Amino acid sequence: MAIKDTFALQLRRDACTQCGICADSCPFGAIQFNEYPEVDPYSCRLCGTCVQACPAEAWDMQEAVSPVAQPAVSVKGIWVLAETEGDELAPVTRELLGKATELGGKLGQMPEVVLAGNKLQRFVPELESYGACRIHLLESEKLEAFVEENYAEVVAQLVRELQPEILLVGATPKGRGLSARLAALLQTGLTADCTQLDIDADTLLLHQIRPAFGGNLMATITTPNHRPQMASVRPGIMKALQPDCAKKAEVIAHDLSLFVPDGRVRLLSEMEETIGGESLSDSKVIVGIGRGVKKHETVAQIRQWAERIGAVVAGSRAAVEAGLIDAKMQIGQTGHTVSPDVYIAIGISGQIQHTAGITGAKKIIAINPDAAAPIFNVADYGWVMSAEEAIVQLMQGDK
């Protein structure tokens with residue numbers, strides 16, 4: 001019998017309306033839409049997003065047998081799983097430390113950081129300055145390269161030993177897979193792609209808040225019986241603290257001499273890929289293009305204008321599917337979440353799947369020929385005009 005036939009997630013074709021919402025909502029691209037949606041069991045993380053999004057309730061997910069509930073009395077600590085990008089901390093780590101500090105104030109617990117890899121001491125001063133009170137170093141030459149299986153195993157072992165109350169992970173390309181694997185190893189719950197976190201005043205449980213049903217409502221999820229309470233958080237949502245170089249943290253280097261890497265997985269080579277321009281997480285001005293931009297020539301003009309004003313060009317899922325924008329520059333529910341000073345939406349209709357990714361923008365400028373487009377409902381300024389007409393005027397006005 002094929003693995004698809006025994007997979008925990010199954011489609012009831014008699015109920016499916018072939019609307020395609022499940023494929024659009026899947027954060028891992030695990031659902032392909034042919035005549036009916038089909039799930040790739042090797043890509044699916046069983047996060048349940050498609051089950052929540054399906055208006056016809058056509059997806060069924062079998063629940064695993066629940067492990068014995070872990071008592072909450074012995075657990076403590078709010079942990080952030082740090083992520084690095086080359087020789088720098090990923091911005092989401094600083095953001096999560098800010099939120100962990102806020103949550104810790106409500107629980108009377110201190111924020112702690114787990115950092116796995118090799119040659120990690122150089123990251124300690126920055127982690128201290130952004131609020132870490134205790135830093136757990138999982139340092140080994142065996143972790144020089146990021147292999148999800150190896151990182152998950154060493155982090156899971158530390159969590160089992162010290163039993164933190166909460167574990168926060170960035171919902172980045174690395175963090176999404178790693179957090180899902182960790183939750184499975186630890187047999188605890190995970191709420192993926194959270195946009196808000198809070199502590200319930202009565203139960204002291206972590207409120208894990210994320211968009212559901214295509215962004216039409218916000219779901220609040222709790223993990224009452226198992227620890228740690230795990231959430232992955234979209235980058236660009238939380239606010240980092242102002243760095244304080246005078247802060248010091250307790251640094252604990254854990255012994256990994258007995259760790260044996262997963263022999264099934266080897267990293268053969270790595271290649272750095274450059275997209276061009278600044279990263280979306282650091283950009284102050286972002287120009288987003290959508291389905292309304294029809295031609296590659298128009299995209300080229302938009303890029304020229306964006307370079308003049310110091311902006312980065314990104315786009316909606318429709319622009320990515322049309323081959324106008326690299327998939328790594330996609331903004332929205334299945335892409336990046338950004339919080340620039342100015343977001344300029346050109347030819348973007350403004351469906352919730354896209355606007356969920358720009359809620360942190362300080363100012364939104366919309367350019368669209370359809371005066372009734374939903375993007376104008378969230379925009380601070382609007383220009384009813386086609387992308388082709390607008391870019392001509394923008395290029396002339398910039399001279």
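Just so we're clear, the structure is a prediction, and the values are computed from it rather than from any experiment.
- When side chains are defined from C-beta on, L120 does not count as touching T84, because their heavy atoms never get closer than 4.5 Å.
- A distance of 7.5 Å separates CZ in R291 from OG in S349, rounded to the nearest 0.5 Å.
- Panel note: side chain Q109, backbone K106; no donor-acceptor pair is recorded below 3.5 Å.
- Formation of a donor-acceptor pair under 3.5 Å by the E139 side chain with backbone atoms of K119 is found in this model.
- Rounding to the nearest 0.5 Å places CG of L190 at 4.5 Å from OG of S179.
- Between L168 and M238 there is no side-chain heavy-atom pair separated by less than 4.5 Å.
- Using a 4.5 Å heavy-atom threshold, the side chains of Q229 and L167 count as separate.
- Here the side chain of T172 pairs a donor or acceptor atom with the backbone of G175 at under 3.5 angstrom.
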Carefully, step by step, assess V299 and V293 under the rule side chain to side chain contact (heavy atoms under 4.5 Å, CB included).
-> CA-CA 7 Å; V299 176; V293 180; 3.8 Å; yes

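- Of the possible polar contacts, one joining the R210 side chain to the A192 backbone as a donor-acceptor pair under 3.5 Å is found.
- For the salt bridge (charged side-chain N to carboxylate O under 4.0 Å, His left out) condition, the pairs that include at least one residue of residues 236-252, sequence neighbours left out, are R134-E250.
- Within 6.0 Å of the CD atom in E144, the count of heavy atoms belonging to other residues, nucleotides or ligands exceeds 12.
- Taking CZ of R317 as the reference point, atom CD of E321 lies at 5.0 Å (rounded to 0.5 Å).
- Between E148 and R181, at least one side-chain nitrogen of the basic residue sits less than 4.0 Å from a carboxylate oxygen of the acidic one, meeting the salt-bridge criterion.
- Listed for the T223 side chain is no donor-acceptor partner under 3.5 Å among the backbone atoms of H226.
- Between Y343 atom OH and D380 atom CG the span is 13.5 Å, to the nearest 0.5 Å.
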Given the rule in the side chain to side chain contact (heavy atoms under 4.5 Å, CB included) test, do M230 and L182 qualify, once you have shown the distances and angles that lead to the verdict?
-> CA-CA 9 Å; M230 281 189 64; L182 274 170; 4.1 Å; yes

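- Judged by a 6.0 Å distance limit and a 45° cone about the ring axis, K363 is not positioned over the six-membered ring of Y381.
- Between I344 and W305 there is a side-chain heavy-atom pair separated by less than 4.5 Å.
- Looking at heavy atoms from C-beta onward, I199 lies in side-chain contact with I166 at the 4.5 angstrom threshold.
- Salt-bridge annotation for E165 and R227: present, with a side-chain N of the basic residue lying under 4.0 Å from a carboxylate O of the acidic one.
- With contacts defined as side-chain heavy-atom distances shorter than 4.5 Å, the pair I135/F123 does not qualify.
- Cluster annotation: L97 and I252 are assigned to distinct hydrophobic clusters (Ile/Leu/Val/Met/Phe/Trp/Tyr, side-chain heavy-atom contacts under 4.5 Å, transitive).
- Using modelled atom types, one side-chain atom of T188 and one backbone atom of P228 make a donor-acceptor pair closer than 3.5 Å.
- When the side chains of ILVMFWY residues are joined at heavy-atom separations under 4.5 Å, either directly or via intervening members, L9 and F28 end up in two distinct hydrophobic clusters.
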Please lay out, stage by stage, how Y130 and T101 fare under the test side chain to side chain contact (heavy atoms under 4.5 Å, CB included).
-> CA-CA 9 Å; Y130 279 95; T101 301; over 6 Å; no

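- We find that K328 and D326 are not joined by a salt bridge, their nearest charged nitrogen and carboxylate oxygen being 4.0 Å or further apart.
- Using bins of under 30°, 30° to 60° and over 60° for the plane-to-plane angle, the ring pair H136/W79 lands in the tilted bin.
- Judged by distance alone, the side chain of T93 and the main-chain N or O of L89 form no donor-acceptor pair under 3.5 Å.
- Under the 4.5 Å side-chain heavy-atom criterion for ILVMFWY residues, no single connected hydrophobic cluster contains both F146 and V260.
- No donor-acceptor pair closer than 3.5 Å links the side chain of T222 to the backbone N or O of P224.
- Placement of L241 and V80 in two distinct hydrophobic clusters is found when ILVMFWY residues are connected by side-chain heavy-atom separations under 4.5 Å, directly or transitively.
- Through direct or relayed side-chain contacts under 4.5 Å between Ile, Leu, Val, Met, Phe, Trp and Tyr, V147 connects to V265.
- From Q330, atom CD reaches atom CD1 of I325 across 10.5 Å, with rounding to the nearest 0.5 Å.
- Two different hydrophobic clusters hold L137 and M110 under the rule that ILVMFWY side chains link at heavy-atom gaps under 4.5 Å.
- A donor-acceptor contact under 3.5 angstrom links the side chains of Q157 and E161, judged on distance only.
- Proximity of a side-chain donor or acceptor of S232 to a complementary backbone N or O of D193 within less than 3.5 Å is detected.
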Would you sort out whether E389 and S386 count as a side-chain hydrogen bond (donor to acceptor under 3.5 Å, both in side chains), showing the intermediate values?
-> CA-CA 5 Å; E389 294 172 315; S386 71; 3.1 Å; yes

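- Here the NE2-CG distance, from H207 to L197, works out to 11.0 Å after rounding to the nearest 0.5 Å.
- Under the 3.5 Å distance criterion, the side-chain polar atoms of N118 are left unmatched by any main-chain donor or acceptor of K142.
- The salt bridge (Lys or Arg N to Asp or Glu O under 4.0 Å) with R94 is formed by just one residue from the set E126, E88, E83; it is E126.
- Using a 4.5 Å cut-off on side-chain heavy atoms (C-beta onward), S283 and V338 make no contact.
- Between K284 and V312 the shortest side-chain heavy-atom distance does not fall below 4.5 Å.
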